[in-house]
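Notes follow once the structure below has been shown.
All of these numbers come straight from a predicted model, not from anything done at the bench.
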Amino acid sequence: MSQHKRRVSAQQVRRKRAVVAAAFVGTVALGVGVGVWASADGGGGKPEGGAGQAPSERASAASSSRAATPSSPTPSRSYPLSQAPRTIPAVRSHTPARGPGWRPQRGERVVVSDPELADEGRLIAGELGLAYAGEQDDVRAGDLRLTLGSGGGNPESYTMTVRGGRADISGPADSGVFYGTRTLKQEVHGGGTAPEGVVRDEPAKPVRGFMLDIARKPFTASWIEDRIRELGDLKFNELGLHFSDDQGFRIESGSHPEIVSPDHLTKAQVRQIVDLAAARHITVVPEIDSPGHLGAVIAAHPDLQLRNASGVATKGAVDISKDASAKIVDDLLNEYAGLFTGSQWHLGGDEYQALTVADPQASYPQLAAAARQKYGSGGTVADLATGWLNDRAGTVRAHDRTMRAWNDGFLRNTSVQPAKDLQVAYWTGKEIGARQPVEYLSAGRKVLNYNDEFLYYVLGQPQTFVYPTGQRIYEQWNPRVLRGTTAVPASYDGQIPGGSFAVWCDLANSQTQDQVAAGIRMPLRATVQKLWDPGTPALSWADFRKLADRLG
């Protein structure tokens with residue numbers, strides 16, 4: 001998919017490296033003690049000859065062995081076959097071997113094969129308390145080497161080889177190498193030692209997302225940055241930001257400062273968020289929802305609010321028969337395309353209230369008239385709304401973005417069809433005229449999974465929403481479960497790029513941002529496990545939770 005080909009300017013690369021360098025300085029002090037952490041969970045195995053020793057003798061022998069063992073031990077048959085790494089998400093393949101494994105020691109190096117891996121090398125060096133040595137051709141005991149492979153393949157795939165006292169991570173692109181370092185970091189933090197052998201790993205789904213509603217509830221920049229670090233370590237690759245709604249517009253604007261809420265993120269803060277995300281191979285996906293959910297814009301421009309035939313205002317909806325409504329939204333789309341430099345964009349398109357009444361043509365005669373003028377005598381309000389979505393798609397397409405819209409923005413029985421390059425963000429089957437996911441799939445569209453029965457964390461649990469549990473996602477959901485609890489046929493799997501866990505803040509004060517972080521902790525881990533590998537997990541839920549607690 002095109003979302004893997006991230007559009008990064010030279011300036012953004014420099015900013016990304018500055019972010020990584022700061023992370024290196026901040027984490028090296030934390031990492032220097034890693035090298036003396038004890039191995040746990042059979043990571044690299046222990047010599048079989050120690051099995052009959054008393055606990056105190058074994059501890060003493062282990063201590064003496066560590067002190068006497070050279071930094072490049074030779075694997076021998078005295079070691080049992082290694083066990084697969086225990087990570088979240090689980091690695092797809094591990095070939096065991098006999099040997100002590102690899103653990104970071106003070107003074108050992110991280111070396112890279114290519115300057116493109118400098119960011120990844122500096123980051124993991126800082127996290128594990130190692131020295132970053134840059135591009136080096138010589139081979140030393142204890143090295144961690146990062147390499148770009150010459151072949152093709154999934155850019156997010158990687159191979160990690162632990163052998164002869166060294167660890168090597170290679171991949172066809174820097175994103176895959178980065179994910180290999182996340183596996184290594186978890187192994188070391190979870191048990192002290194990366195097990196001997198070869199890991200071959202890649203995600204099943206290219207879209208592994210987390211979406212955050214900052215429009216209804218402002219979240220601090222530091223909280224969002226903490227989530228980016230968490231997402232990166234878990235191998236998520238998208239962060240959606242829904243920053244405009246009826247309750248607020250939460251990012252500084254130069255084109256329309258009058259619409260911005262007092263509590264908002266500055267553009268400088270957003271650039272820092274985007275740069276940190278890029279350093280973790282995460283694309284930030286902005287959403288300015290329209291033509292509904294524009295209450296914050298309407299508050300500053302009441303003349304744009306949609307009114308029915310009786311003059312009654314329609315909540316959150318702009319009058320799409322007015323050119324000024326399109327202009328202000330296009331102004332914003334063009335402005336923020338320069339701030340959010342990733343390849344993805346969310347157009348919204350859901351819950352336009354003019355389409356929820358029994359007879360939209362009679363209730364909103366100005367919309368009906370505009371539809372007839374634009375599309376002929378048979379034009380309807382639904383046609384006009386579809387045309388609005390297509391026009392906004394045209395604005396964003398000019399910035400070379402891949403676009404998605406909510407499934408209830410794709411309207412039935414219209415003469416105007418949604419643009420063919422729009423992906424479906426399928427979240428609900430509860431809207432008027434709801435369609436099954438198979439309708440979109442059979443029409444050839446790509447469908448992203450935002451299933452509200454499993455993946456919606458809605459503050460205050462309004463209507464029928466309940467806080468999702470990691471266990472339910474882990475045991476009952478997979479990317480083909482797009483609506484309710486029933487999976488679509490496996491033949492459509494290739495049209496489902498992945499999905500996103502979403503936090504919506506309908507009742508914003510129901511939880512603090514720290515409570516949100518705690519509440520989504522296990523659901524995030526369960527979601528990424530099933531996006532990385534949709535099959536039945538090897539671990540029980542209880543063991544998965546214990547592993548999450550151990551990894552932190």
Side-chain angles (χ1 to χ4, degrees), residues 88 208-219 223 227 230-231 234 236 238-242 245-247 287 289 292-293 346 348 350-351 356 406-408 424-432 434-437 447-488 496 498-531 534 536-537 540-542 544-546 548-549:
I88 297 176
R208 304 176 301 281
F210 168 60
M211 200 228 73
L212 181 65
D213 171 12
I214 64 172
R216 294 178 177 91
K217 181 181 180 68
F219 288 80
W223 189 94
R227 299 290 72 70
E230 179 181 15
L231 294 171
L234 292 171
F236 280 89
E238 280 193 2
L239 168 64
L241 288 181
H242 175 92
D245 213 303
D246 296 342
Q247 295 81 355
E287 182 194 358
D289 203 349
H293 294 282
H346 201 316
D350 64 316
E351 298 179 328
T356 63
W406 297 115
N407 63 286
D408 49 333
V424 180
Y426 199 101
W427 72 280
T428 187
K430 302 180 179 71
E431 78 276 15
I432 296 173
R435 285 182 279 175
Q436 292 287 341
V447 179
L448 295 158
N449 194 323
Y450 289 77
N451 187 332
D452 63 346
E453 285 205 28
F454 287 93
L455 306 180
Y456 263 34
Y457 192 95
V458 184
L459 296 197
Q461 304 182 107
Q463 301 173 26
T464 60
F465 290 108
V466 295
Y467 291 129
T469 68
Q471 182 173 3
R472 188 162 181 258
I473 296 167
Y474 190 77
E475 294 177 345
Q476 300 179 33
W477 179 83
N478 68 62
R480 288 195 292 113
V481 181
L482 287 161
R483 171 177 172 171
T485 58
T486 303
V488 299
I496 304 170
S500 284
F501 186 87
V503 170
W504 293 101
C505 301
D506 292 40
L507 301 175
N509 295 324
S510 301
Q511 289 189 344
T512 66
Q513 61 180 17
D514 289 340
Q515 288 174 320
V516 172
I520 66 176
R521 181 176 176 273
M522 288 309 300
L524 281 177
R525 284 153 176 77
T527 299
V528 80
Q529 172 60 49
K530 302 305 282 288
L531 289 168
T536 301
S540 68
W541 171 251
F544 184 81
R545 186 171 192 114
K546 288 177 184 176
D549 290 342

Heavy-atom side-chain proximity of Q511 to Y457 below 4.5 angstrom: yes
Shortest non-hydrogen separation from L455 to I473 and the atoms involved: CD2-CD1, 4.2 Å
Side chain to side chain, M522 and F544, heavy atoms closer than 4.5 Å: yes
Test item: R227 and L239 side chains (from C-beta on) under 4.5 Å apart, heavy atoms: no
Spacing of CG belonging to N451 relative to CZ belonging to R480, to within rounding of 0.5 Å: 13.5 Å
Interatomic distance, Y456 atom OH to M211 atom CE [nearest 0.5 angstrom]: 6.5 Å
Residues forming a salt bridge (charged side-chain N to carboxylate O under 4.0 Å, His left out) with R483, sequence neighbours excluded: none
Spacing of CG belonging to L231 relative to CZ belonging to R208, to within rounding of 0.5 Å: 11.0 Å
Nearest heavy atoms of L482 and V447, plus distance in Å: CD2-CG1, 3.8 Å
Spacing of L448 atom CG and H346 atom NE2 [to the nearest 0.5 Å]: 8.0 Å
Candidate pair V503 and F210, rule side-chain contact (heavy atoms from CB on, under 4.5 Å), full reasoning: CA-CA 8 Å; V503 170; F210 168 60; 3.6 Å; yes
Heavy-atom pair with the smallest gap, counting every atom of A526 and G470: CB-O, 3.3 Å
Those residues that, when tested against K546, pass salt bridge (charged side-chain N to carboxylate O under 4.0 Å, His left out) (two or more places apart): none
Note: D549-R521 ion pair, threshold 4.0 Å (strictly below): yes
Side-chain heavy atoms of L459 within contact of K217, under 4.5 Å: yes
Main-chain N/O of K530 paired with N478 side-chain donor or acceptor, under 3.5 Å: no
Interatomic distance, R525 atom CZ to I520 atom CD1 [nearest 0.5 angstrom]: 9.0 Å
Heavy-atom donor-acceptor pair, D245 side chain to R216 backbone, under 3.5 Å: no
Heavy-atom closest contact (H293 atom, D289 atom, distance): CD2-OD2, 3.3 Å
Aromatic plane relationship, W406 with W427 - under 30° parallel, 30 to 60° tilted, over 60° perpendicular: perpendicular
Evaluation steps, side-chain contact (heavy atoms from CB on, under 4.5 Å), between F454 and T485: CA-CA 9 Å; F454 287 93; T485 58; 4.0 Å; yes
Donor-acceptor contact present, side-chain W223 to main-chain Q513, <3.5 Å: yes
Point-to-point distance, once rounded to the nearest 0.5 Å, from CD1 of I214 to CD of Q247: 13.0 Å
With sequence neighbours excluded, residues passing salt bridge (charged side-chain N to carboxylate O under 4.0 Å, His left out) with D452: K430
Least distance between heavy atoms, G484 atom then E453 atom: CA-OE2, 3.4 Å
Donor-acceptor under 3.5 Å (D213 side chain, C505 main chain): yes
Closest approach of G460 to Y467 (non-hydrogen atoms, all atoms of both residues): N-OH, 2.8 Å
